[in-house]
Peer 1: 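Have a look at this one before I ask anything.
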Protein chains: 2
Amino acid sequence: MNKQHNIVDLARELGRAISEMRTFMRQNLQVKIREQNVDITFELLEILGILFRKDGVNQQEIADVIVKDKSSMTYLIDNLEKRGMVERREDQNDRRSKLIYLTEKGRALEKELNPWIREMYEKATMGMEMNDLQVALSQIQKMNENLRKQ
Amino acid sequence: MNKQHNIVDLARELGRAISEMRTFMRQNLQVKIREQNVDITFELLEILGILFRKDGVNQQEIADVIVKDKSSMTYLIDNLEKRGMVERREDQNDRRSKLIYLTEKGRALEKELNPWIREMYEKATMGMEMNDLQVALSQIQKMNENLRKQ
DNA sequence: AATAATTAGTTTGAATTCAAACTAATTATT
DNA sequence: AATAATTAGTTTGAATTCAAACTAATTATT
């Protein structure tokens, strides 16, 4: 797009592009949700997306992947549990943690919902090179490391 | 970090890094807010940051830069107005739009708050090359364009 | 072994975001 | 000129996020 003359402005623009990307991803999935008339929210779909790949993980592990805080996690898992899509089970190895498992009902959604997520990412990366994306990722990760250090 | 074997997983990881970046930026500014004991929120600070650079822009223009929707904007500008930091003025050229101006009180915050934002971006980009960042930005923008097309 | 520090999850109340429906004004199309 | 489509902003109610304080359990330190 437009050239930035210094690194701070470039970082600003990157921050902007980044927020925009999340909005677009949300809108993209929202279209499917509306079209297919499925009773689910973007946030719950994010969690299900993780669990489809591998369930039996605790809330914090999910939170780390989709970048939510603990309390949002409690709220969202409560919601999924009320809908009968997941269940909390005790962790034999650590009594603090609760392992989240898909129920049958939750698992039954996989076939319909999982392609939405994949298609969204495929659409996003259309015509892009893995190497370029890898560079972008490593840049963002480097910025994150910089920001992490207090 | 860890290598991804296909482009969808790479995009997933990028999405994750991106969400994380926003969290870190928030936490970084939150530390300053707490340390300096200033009565402001991260979201309001984002808007002030735009206005410090150039005020007299309408709500939608601000929303486009910081990527918020219209209704969040109404809410946040209301808040800033209640605090006496900004004011809405009529736009002579377009009676739909409202131009947002810093008040004296708002302008007075610039000296203290603006460096926080700059320092955060400087910290984020420490030891990074403009060229690499430019590549990262153009990749994200390309993904955004892909996602924009319905 | 006792103590301190860290970690997983919850609760609370306030702040923010979201989708949807809306009004009023402007711009594009017929 | 009339009509349709788009745009800036608001309102509403529900969903989500946030910071802060908390409990219970685990891990690290003394």
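Owing to the predicted nature of the structure, the values given are computational and were not obtained by experimental measurement. Lettering of chains follows the sequences in order, A, B, ..., and the numbering in each one begins at 1.
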Peer 1: Indicate whether any N or O donor in one side chain lies under 3.5 Å from an N or O acceptor in the other, for B:Asn144 and B:Arg148.
Peer 2: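 On atom types as modelled, these side chains do not qualify, holding no pair under 3.5 Å.
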Peer 1: Looking only at non-hydrogen atoms, find the nearest pair between A:Leu99 and A:Glu90 and report the distance.
Peer 2: CD1-O, 4.3 Å
Peer 1: Looking only at the side chains, is there a donor atom on one of B:Asp69 and B:Ser72 sitting less than 3.5 Å from an acceptor on the other?
Peer 2: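 There is such a pair between these side chains.
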Peer 1: Look at all strands and tell whether B:Ser71 reaches a base, only sugar-phosphate, or nothing, counting heavy atoms closer than 4.0 Å.
Peer 2: base
Peer 1: Would you mind classifying the nucleic acid contact of A:Arg22 as base, sugar-phosphate or nothing, using non-hydrogen atoms under 4.0 angstrom?
Peer 2: nothing
Peer 1: Just how far is it from atom CZ of A:Phe24 to atom CD of B:Glu145, taken to the nearest 0.5 Å?
Peer 2: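 Those atoms lie 9.5 Å apart.
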Peer 1: For B:Thr23 and for A:Tyr75, locate the closest nucleotide of DNA chain D by heavy-atom distance; then report the residue assigned to the nucleotide nearer the 5' terminus.
Peer 2: A:Tyr75
Peer 1: Between B:Gln60 and B:Gln30, just flag the one whose closest nucleotide in DNA chain D comes earlier from the 5' side.
Peer 2: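 Looking at DNA chain D, the more 5' nearest nucleotide goes with B:Gln60.
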Peer 1: Using a 4.0 Å heavy-atom cut-off, does A:Thr74 contact any base of the nucleic acid, only the sugar-phosphate backbone, or nothing at all?
Peer 2: base
Peer 1: Give the table of side-chain donor-acceptor pairs shorter than 3.5 Å for residues 56-66 of chain A, with sequence neighbours excluded, one pair per line with atom names and distance.
Peer 2:
unit_1  : atom_1 : unit_2  : atom_2 : d
A:Asn58 : OD1    : A:Gln60 : N      : 3.1
A:Asn58 : OD1    : A:Glu61 : N      : 2.8
A:Gln59 : OE1    : A:Arg88 : NE     : 2.9
A:Gln59 : OE1    : A:Arg88 : NH2    : 3.3
A:Gln60 : OE1    : A:Lys70 : NZ     : 3.1
A:Gln60 : NE2    : A:Asp64 : OD1    : 3.0
A:Glu61 : OE1    : A:Asn58 : N      : 2.9

Peer 1: Using a heavy-atom cut-off of under 4.0 Å over every strand shown, decide if B:Asp91 touches base, sugar-phosphate, or nothing.
Peer 2: nothing
Peer 1: Quick one: how far along DNA chain D does chain B reach, first to last nucleotide 5' to 3', anything under 4.0 Å to a heavy atom?
Peer 2: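 Reading along DNA chain D, I get D:dT7 to D:dA20.
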Peer 1: Can you establish whether the number of heavy atoms outside B:Glu112 located under 6.0 Å from its atom CD is more than 12?
Peer 2: yes
Peer 1: What distance do B:Glu13 atom CD and B:Ile18 atom CD1 have between them, rounded to the nearest 0.5 Å?
Peer 2: 10.5 Å
Peer 1: Between B:Glu43 and B:Arg96, which has a closest nucleotide on DNA chain C that is more 5'?
Peer 2: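 Checking each residue's closest nucleotide, the 5'-ward one belongs to B:Glu43.
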Peer 1: Dot-bracket for DNA chain D, please. Rules: Watson-Crick or G-U, both distances under 3.5 Å, ( ) within the strand, [ ] when a pair crosses earlier ones, | for another strand, . otherwise.
Peer 2: ||||||||||||||||||||||||||||||
Peer 1: For B:Glu122, is there an ion pair with B:Arg118 - N to carboxylate O distance below 4.0 angstrom?
Peer 2: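 Salt bridge: yes.
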